[in-house]
Amino acid sequence: MSNSTGASTSIRHKTVGSRVSLPSDIRKNNRRTVLRALYPDRWLSRADIAKTTGLSKVSTSDVVADLIDDSLLVEGGFKPSSKPGKPALLVGMHTQSMCVMGIDLSEVGTVQGILTDLQGRVIARSSKALAPAQQLPLEPIVDLCNELTSQAPAPILGLGVATPGTVNENGTVLAAPNLGWTDLNLAAELTSRLGVQTYVTNDADSAAFGERCFAQGPANMIVVQIARGVGAGVLIDNHIVRGSHYVAGEIGHVVVDENGIPCACGKRGCLETLTSVPFLESRIVEDPGNREDILAGAGEALGAALSMPVALINITDIVISGPTSIVDTTMLNAVENTINDRVHSRFIRSVHVHPTVLGTDAAALGSVACVLRHQLGVL
Ligand SMILES: [Zn+2]
């Protein structure tokens, strides 16, 4: 995106607390305010943008001109009017003017990528098998991004990566044992190798944000990912909860059955030993006639574990993502019934448990949403 220096704002300097806002900060904020008013598909006249955003008419005109120069906005059509005179031109987002890439590393042995427009509509997708390695090299990710870029009909706004493990706000993967990564500044590495601004988030957090942004999910929700391990993304008031040490949602190794089977982490009866995909698949293979009971039992264990956070933060929506062979109606009903049996009272309403709307694209689309939030200030 070009960084126009021609635009002027009606306010030159504004003091916020002890910090002075520079004209460039004000211009950036004004751009974000206007984009937010129009995203994803609202068409307004310049006068109505000024009314909606509270910006002055002069500032609005400057910012709109700037954004039209950058191809992020377009003019199209006129506002219907019964008054005499020239009708006002409408302005809206040009959602095909740039593309966003989203990469998902949550599947074992594969890296998946999507290319979308600015509304999160998938234009192209690709995946690569990963050779088993102690430490996942970055080359397959870079190759996949280059492949997606070559199919892009417009410039790339940014890259979002959803990865297992703990990730800080700078996009450093602090620990991802499954990928062999420790303290890897993945965002900086990929930004420098690809020349594209990169943002990295935990995969479960990303799936929660994707459901919120592109599947009309509620602003408060827990998304539980059932995969090789079990983890959760927590969204409160539209913000991902990271926690003090970036490990919010790491519920897989919480003991739920003290007399349970040994877990890889050294404890016994972790939630993961009752509900992860490998554990459930092996039990079903051993005892195929009891498939329903096995999945219902796993749902009960998960529901029991989720009851306390549900009551603690008054969550009423829980999304469960995972393979449909495991996360089926039997399991979803068992989770929902168990939670409601335990927490329902005259204070706490029924909790709704449902599968992910975005399916296997949830994490990748969530990482696309992160790019849109950081780069454009929308979502
Ligand atoms: Zn464990």
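Residue numbers run from 1 in the order of the sequence given.
Ion pairing between a basic and an acidic side chain is recognised when a charged N comes within 4.0 Å of a carboxylate O; D48 and K51 show such pairing. Under the 4.0 Å criterion applied to side-chain N and carboxylate O atoms, R31 and D66 are assigned as salt-bridge partners.
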Subject >> Derivation of the side-chain contact (heavy atoms from CB on, under 4.5 Å) call for N30 and D62 >> reply: CA-CA 10 Å; N30 288 351; D62 284 346; over 6 Å; no
Original post:
Yes or no on side-chain contact (heavy atoms from CB on, under 4.5 Å) for C213 and L365, after CA distance, side-chain angles and deciding distance?
Top reply: CA-CA 9 Å; C213 296; L365 279 170; over 6 Å; no
Subject >> Derivation and outcome, side-chain contact (heavy atoms from CB on, under 4.5 Å), residues M331 and I326 >> reply: CA-CA 7 Å; M331 180 189 263; I326 298 289; 3.9 Å; yes
Subject >> Derivation and outcome, side-chain contact (heavy atoms from CB on, under 4.5 Å), residues N314 and F347 >> reply: CA-CA 10 Å; N314 190 197; F347 304 111; over 6 Å; no
Original post:
Hey, mind stepping through Q96 and D117 against side-chain hydrogen bond (donor to acceptor under 3.5 Å, both in side chains) and telling me if it holds?
Top reply: CA-CA 5 Å; Q96 270 91 50; D117 67 11; 3.2 Å; yes
Subject >> Test salt bridge (charged side-chain N to carboxylate O under 4.0 Å, His left out) applied to R193 and E139, step by step >> reply: CA-CA 10 Å; R193 290 199 196 190; E139 282 71 28; 3.3 Å; yes
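Counting heavy atoms from C-beta on, the side chains of I294 and L280 come closer than 4.5 Å. Here the side chains of V161 and S367 are not in contact, with every heavy-atom distance at 4.5 Å or above. The shortest side-chain heavy-atom distance between T338 and L306 does not fall under the 4.5 Å cut-off. Looking at L35 and L73, their side chains come closer than 4.5 Å, going by heavy atoms from C-beta outward. Side-chain contact between E147 and K128: present, with at least one pair of heavy atoms (C-beta onward) separated by less than 4.5 Å. The closest side-chain heavy-atom distance from K79 to P87 is not below 4.5 Å. In this structure the side chain of V357 never reaches within 4.5 angstrom of the side chain of F214, judged on heavy atoms. A 4.5 Å side-chain heavy-atom check between F279 and V230 finds every atom pair outside the cut-off.
Here the options are L44, T33, I49, the test is side-chain contact (heavy atoms from CB on, under 4.5 Å), and the partner is T60; only I49 passes. Residue I320 is tested with T275, T356, V353 for a side-chain contact (heavy atoms from CB on, under 4.5 Å); the sole match is V353.
A distance-only check finds a donor-acceptor pair linking the side chain of K267 to the backbone of H253 [under 3.5 Å]. Between the T191 side chain and the T198 main chain, a donor and an acceptor come within less than 3.5 Å of each other. A donor-acceptor pair under 3.5 Å links the side-chain atoms of S97 to the main chain of H94, judged by distance alone. The backbone N or O of D205 lies less than 3.5 Å from a partner atom in the side chain of N202, making a donor-acceptor pair. Between the side chain of R291 and the backbone N or O of I284 there is no donor-acceptor pair closer than 3.5 Å.
Note on L194: it does not cluster hydrophobically with V100, by side-chain heavy-atom contacts below 4.5 Å among ILVMFWY residues. Under a hydrophobic-cluster definition in which Ile, Leu, Val, Met, Phe, Trp and Tyr are linked whenever side-chain heavy atoms come within less than 4.5 Å, directly or via other members, V200 and L235 are assigned to different clusters. Linking ILVMFWY residues whenever their side-chain heavy atoms come closer than 4.5 Å, directly or via other members, leaves V310 and V223 in distinct clusters. Neither L358 nor V327 shares a network with the other; the hydrophobic side chains, linked directly or stepwise wherever heavy atoms of I, L, V, M, F, W or Y lie under 4.5 Å apart, form separate groups for each. Note on L118: it clusters hydrophobically with V122, by side-chain heavy-atom contacts below 4.5 Å among ILVMFWY residues.
Considering only residues two or more places apart in sequence or on other chains, R46 meets the salt bridge (charged side-chain N to carboxylate O under 4.0 Å, His left out) condition with E75. Listed by chain and number, the residues in a salt bridge (charged side-chain N to carboxylate O under 4.0 Å, His left out) with D361 are R125 (sequence neighbours excluded).
For the atom pair CZ of R121 and CG of L115, the computed distance is 13.0 Å after rounding to the nearest 0.5 Å. N340 CG to H352 NE2: the interatomic distance, rounded to the nearest 0.5 Å, is 10.5 Å. For the atom pair OG1 of T116 and CE of M98, the computed distance is 11.5 Å after rounding to the nearest 0.5 Å. Taking CG from L302 and CD1 from I226, the interatomic distance works out to 5.5 Å, rounded to the nearest 0.5 Å. Taking CG of N168 as the start and OG1 of T201 as the end, the distance is 12.0 Å to the nearest 0.5 Å. Considering NE2 of H374 and CG of L157, their distance stands at 12.0 Å, rounded to 0.5 Å.
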Got a list of side-chain donor-acceptor pairs under 3.5 Å for residues 238-246, not counting sequence neighbours?
residue : atom : partner : partner atom : Å
N238    : OD1  : R212    : NE           : 2.8
Y246    : OH   : E169    : OE1          : 2.9
Y246    : OH   : E169    : OE2          : 3.3

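Residues G377 and R36 come closest through the heavy atom pair O-NH1, 2.8 Å. The two residues V196 and L159 make their nearest non-hydrogen contact at CG1-N, 3.6 Å. When all heavy atoms are compared, the tightest approach of A176 to P164 is CB-O, 3.5 Å. Looking at every heavy atom in both residues, E189 comes nearest to L184 through CG-CD1, 4.3 Å. Scanning both residues, P137 and A133, for their nearest heavy atoms gives CD-CB, 4.5 Å. Residues A207 and Q225 approach most closely at CB-NE2, 4.2 Å, considering heavy atoms.
In summary, the side chains of N170 and T172 do not present any donor paired with an acceptor at a separation below 3.5 Å, with no hydrogens or angles considered.
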